[in-house]
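Just so it is clear, the values below take in all heavy atoms, side chains as well, and ignore hydrogens, waters and symmetry mates.
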Amino acid sequence: MIDQDARDRRGSPDRFGYEWEAYSEIRPEYEEQFRRWTVHLAPGDWRDKSFVDVGCGMGRNSYWPMTYGAWERSAVEIDERSRASARARLARPAPGWRR
């Protein structure tokens, strides 16, 4: 049986952890969303740049700069399930990724 009070006290990290674990695929519309959030940067502007994604969830917003050629990157997450999802997502190279 789920202890609802304990679950509620854990709050957002627990809920987001579930979300990013259950829905961890990168979908094409996520790039469009990322581009709207970073309208001041074109994909080519990320090349050879560094970034930090704090509260990275499953790594969705780290994924796009990496495909655009960002070189140094850090993705930070406190929830273990979200962090595991980000590690799995960001460990697989995509076109444009630099090692």
- [ ] Could you tell me if the ring centre of Tyr63 sits under 6.0 Å from that of Trp46?
- [x] no
Measure across [X] and [Y] and return the closest heavy-atom pair with its distance rounded to 0.1 Å.
{"X": "Leu90", "Y": "Ser62", "value": "CD1-CB, 3.9 Å"}
{"X": "Arg89", "Y": "Ile26", "value": "CD-CG1, 3.1 Å"}
{"X": "Asn61", "Y": "Asp53", "value": "C-OD2, 3.7 Å"}

Task: Minimum side-chain heavy-atom gap Arg60-Gln33 below 4.5 Å - done: yes
TODO: Find out if a path of hydrophobic residues (ILVMFWY) with successive side-chain heavy-atom gaps under 4.5 Å connects Leu41 to Trp64.
DONE: yes
Task: Side-chain donor or acceptor of Glu77 paired with backbone N/O of Ser82 under 3.5 Å - done: no
Open item on the list: Keeping Thr38 on the side-chain end and Phe34 on the backbone end, is there a donor-acceptor pair under 3.5 Å?
Closed with: yes
Open item on the list: Ring of Phe51, cation from Arg73 - is the NZ or CZ under 6.0 Å from the centre and inside 45° of the axis?
Closed with: no
Open item on the list: Less than 4.0 angstrom from a charged side-chain N to a carboxylate O is my criterion; do Glu80 and Arg83 meet it?
Closed with: yes
Open item on the list: For the residue pair Tyr68 / Glu31, report whether a side-chain donor-acceptor contact shorter than 3.5 Å exists.
Closed with: yes
